[in-house]
K.L.:
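Below you'll find the structure I mean.
Every value quoted in this text rests on a predicted model; they were computed, and no experiment measured them.
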Amino acid sequence: MTSSYRITLLPGDGIGPEIMAVTVDVLKALGGQMDLSFEFQEALIGGAAIDETGEPLPQETLNRCQDSDAVLLAAIGGYKWDTLPRHQRPETGLLALRSGLGLFANLRPATILPQLIDASSLKREVVEGVDIMVVRELTGGIYFGTPKGIFETETGQKRGVSTMAYTDSEIDRIGKVAFETAQKRRGQLCSVDKANVLEVSQLWRDRMTAMAADYPDVSLSHLYVDNAAMQLIRWPKQFDTIVTGNLFGDILSDAAAMLTGSIGMLPSASLGADGPGVYEPVHGSAPDIAGQDKANPLAQVLSAAMMLRYALDQPTAADRLEKAVIKVLDQGYRTGDIMAENMTLVGCKAMGDALLSALAG
Ligand code: NAD
């Protein structure tokens with residue numbers, strides 16, 4: 001029986017439409033092979049939405065996203081919209097999408113593909129075999145805590161204030177995602193905090209420790225964030241799944257991403273308690289290469305693989321897509337961002353064609 005899924009596509013700005021077009025073609029081909037039917041509906045976000053409607057996230061887009069099984073997002077932003085007031089910027093649309101869909105968990109894998117080991121800035125023996133998943137809390141912590149603002153003190157000085165706060169229920173819900181993610185991986189979860197200095201981190205550590213009793217198959221460890229940053233660069237292979245708050249996760253997931261050496265290869269997923277998740281590449285809209293057929297579509301394609309695995313529960317299809325990516329790399333095809341000696345330089349469309357052949361073969 002054919003399984004049918006409704007997917008909202010948000011191509012956004014810059015290279016977004018180019019990498020999305022490749023991904024849709026690939027999903028259609030995969031669907032044909034595996035009896036999966038995708039009903040794609042496209043909607044506006046970011047600069048494209050501002051140009052058309054004046055808003056970075058039109059209500060119609062949010063409605064469509066809410067009414068779908070999963071959302072596939074490319075990227076938003078560009079020079080053209082950089083000087084608009086904050087509430088009209090493309091980035092505001094992204095934050096509104098996250099909060100509109102209640103996406104509190106961000107999953108970012110950092111996996112070293114053998115074919116791209118030399119793209120890493122670290123030594124081969126340090127990065128070979130690295131396979132880390134960073135689970136970052138996305139809607140709480142210091143980015144959202146109150147009070148926040150720049151206030152005037154009694155002495156006339158300006159004082160900038162941001163507040164790092166988590167409730168126990170906020171910690172528990174990200175903890176649940178993290179423990180369950182670790183269960184599906186190698187069963188090791190490292191919780192990162194700053195409990196030696198911050199009360200908010202002490203509560204974080206207490207809750208994570210308490211939750212561990214419900215997951216006897218997961219081994220939980222704790223690290224302070226400064227040490228975690230050091231360990232990620234020193235010996236990243238020690239990590240399986242990392243869970244951390246919004247600010248620490250923002251920084252550590254970028255550091256973990258750089259271990260792989262290629263931003264054009266990294267997918268991510270943002271998940272809520274229920275309802276559709278958003279699957280998107282880690283990179284931005286790359287306005288410097290937009291419209292030139294130079295973009296690497298593989299992070300977008302790998303985001304679609306995460307969508308198949310986590311949102312649609314189609315692990316076999318996800319595996320097949322990931323294998324096609326490995327195959328085109330094995331065949332030596334490279335876009336400019338991951339180009340190396342003796343490889344074949346291709347553009348975005350040609351990489352898409354190579355993927356279609358890999359799937360067919
Ligand atoms: P960026 O990720 O867009 O680009 C950084 C560098 O990496 C550029 O040189 C770019 O050409 C290259 N690059 C990125 N993705 C690539 C790909 N798929 N293939 C080949 N090369 C790739 O980051 P930036 O330059 O800091 O930001 C550009 C715009 O993107 C800004 O407006 C920013 O706000 C936005 N942005 C959006 C998101 C998002 O949509 N989630 C994330 C980050 C930045």
Side-chain angles (χ1 to χ4, degrees), residues 15 19 22-23 26-27 30 74-75 107-135 181 184-186 188 232-233 235-242 252-269 279-284 286 294-310 315-348 350-359 361:
I15 59 170
I19 58 177
V22 165
T23 306
V26 166
L27 279 174
L30 182 73
L107 271 62
R108 273 173 65 165
T111 309
I112 302 273
L113 298 173
Q115 298 83 355
L116 298 179
I117 261 183
D118 294 325
S120 176
S121 51
L122 297 189
K123 290 188 197 123
R124 172 176 279 267
E125 62 267 28
V126 174
V127 290
E128 197 160 33
V130 163
D131 177 7
I132 302 172
M133 180 72 84
V134 180
V135 179
T181 303
K184 288 187 203 136
R185 292 171 47 85
R186 301 189 298 281
Q188 291 167 36
L232 259 181
I233 311 301
W235 197 243
K237 274 182 258 196
Q238 67 187 284
F239 293 106
D240 169 16
T241 307
I242 293 175
L252 291 183
S253 59
D254 264 20
M258 262 330 286
L259 298 172
T260 69
S262 45
I263 197 164
M265 295 296 301
L266 295 168
S268 78
Y279 297 81
E280 58 177 313
V282 164
H283 62 72
K294 285 184 179 165
N296 183 350
L298 296 180
Q300 183 79 68
V301 169
L302 291 171
S303 301
M306 280 188 93
M307 175 185 83
L308 289 164
R309 193 180 305 282
Y310 291 100
T316 313
D319 283 349
R320 199 151 174 168
L321 203 48
E322 285 164 357
K323 280 194 186 124
V325 169
I326 305 273
K327 188 167 175 187
V328 296
L329 293 173
D330 274 339
Q331 289 168 335
Y333 294 115
R334 299 284 188 277
T335 43
D337 56 315
I338 52 172
M339 185 58 189
E341 226 176 301
N342 300 325
M343 297 293 148
T344 310
L345 180 65
V346 291
C348 185
M351 187 60 105
D353 292 341
L355 281 168
L356 291 174
S357 308
L359 275 175

K.L.:
Would you name the heavy atoms of I19 and A295 that are closest together and state the gap between them?
P.N.:
CG2-CB, 3.9 Å

K.L.:
What's the verdict on side-chain contact (heavy atoms from CB on, under 4.5 Å) for Q115 and I338, showing C-alpha distance, side-chain angles and the deciding distance?
P.N.:
CA-CA 10 Å; Q115 298 83 355; I338 52 172; over 6 Å; no

K.L.:
Would you check if V127 and K237 make a side-chain contact, meaning some heavy-atom pair closer than 4.5 Å?
P.N.:
no

K.L.:
A side-chain contact here means heavy atoms from C-beta on lying under 4.5 Å apart; do K184 and R309 qualify?
P.N.:
no

K.L.:
In chain order, what residues pass the side chain to side chain contact (heavy atoms under 4.5 Å, CB included) check against R185, with sequence neighbours excluded?
P.N.:
D131, M133, T181, D240, T241

K.L.:
Do H283 and I15 have side chains that get closer than 4.5 Å, going by heavy atoms?
P.N.:
yes

K.L.:
Which heavy atom in A74 sits nearest to a heavy atom in P281, and how many Å separate them?
P.N.:
O-CD, 3.4 Å

K.L.:
Return the set of residues passing side chain to side chain donor-acceptor pair (under 3.5 Å) with S268 (not counting sequence neighbours), or none when no residue passes.
P.N.:
none

K.L.:
Would you name the heavy atoms of Y333 and M351 that are closest together and state the gap between them?
P.N.:
O-CE, 3.6 Å

K.L.:
What is the distance from atom OG1 of T260 to atom CE of M265, rounded to the nearest 0.5 Å?
P.N.:
8.0 Å

K.L.:
Do K294 and T335 touch side chain to side chain, with heavy atoms closer than 4.5 Å?
P.N.:
no

K.L.:
If I take atom CG from residue L321 and atom CG from residue L359, how far apart are they, to the nearest 0.5 angstrom?
P.N.:
6.0 Å

K.L.:
Out of curiosity, M258 CE to L232 CG, how far, rounded to the nearest 0.5 Å?
P.N.:
13.0 Å

K.L.:
From L298 CG over to L266 CG, what is the distance, rounded to the nearest 0.5 angstrom?
P.N.:
11.0 Å

K.L.:
What's the shortest heavy-atom distance between M343 and M339, and which atoms?
P.N.:
O-CE, 3.1 Å

K.L.:
Partners of D254 by side chain to side chain contact (heavy atoms under 4.5 Å, CB included), sequence neighbours excluded?
P.N.:
R108

K.L.:
Working to the nearest 0.5 Å, report the span between CD of E280 and CD of Q300.
P.N.:
9.0 Å

K.L.:
Determine the minimum heavy-atom distance between P236 and L259, stating which atoms define it.
P.N.:
CB-CD1, 3.6 Å

K.L.:
What are the two closest heavy atoms between R186 and F239, and how far apart are they?
P.N.:
NH2-O, 3.1 Å

K.L.:
Does the side chain of I112 come within less than 4.5 Å of E128's, by heavy atoms?
P.N.:
no

K.L.:
I'd like to check the side chain to side chain contact (heavy atoms under 4.5 Å, CB included) partners of A269; sequence neighbours left out, ordered by chain and number.
P.N.:
L107, L271, Y279, M306

K.L.:
Any side-chain heavy atom of V328 sitting closer than 4.5 Å to one from V346?
P.N.:
no

K.L.:
Under the salt bridge (Lys or Arg N to Asp or Glu O under 4.0 Å) definition, can you give me all pairs with a residue in residues 336-346, not counting sequence neighbours?
P.N.:
none

K.L.:
Can you list the residues that meet the side chain to side chain contact (heavy atoms under 4.5 Å, CB included) rule with K327, with sequence neighbours excluded?
P.N.:
Q331, A358

K.L.:
Look up atom CG in D353 and atom SG in C348, then write down how far apart they are to the nearest 0.5 Å.
P.N.:
10.0 Å

K.L.:
Within the structure provided, determine whether I132 and T111 are in side-chain contact (heavy-atom separation under 4.5 Å).
P.N.:
no

K.L.:
Between M307 and T23, is any pair of side-chain heavy atoms under 4.5 Å apart?
P.N.:
no

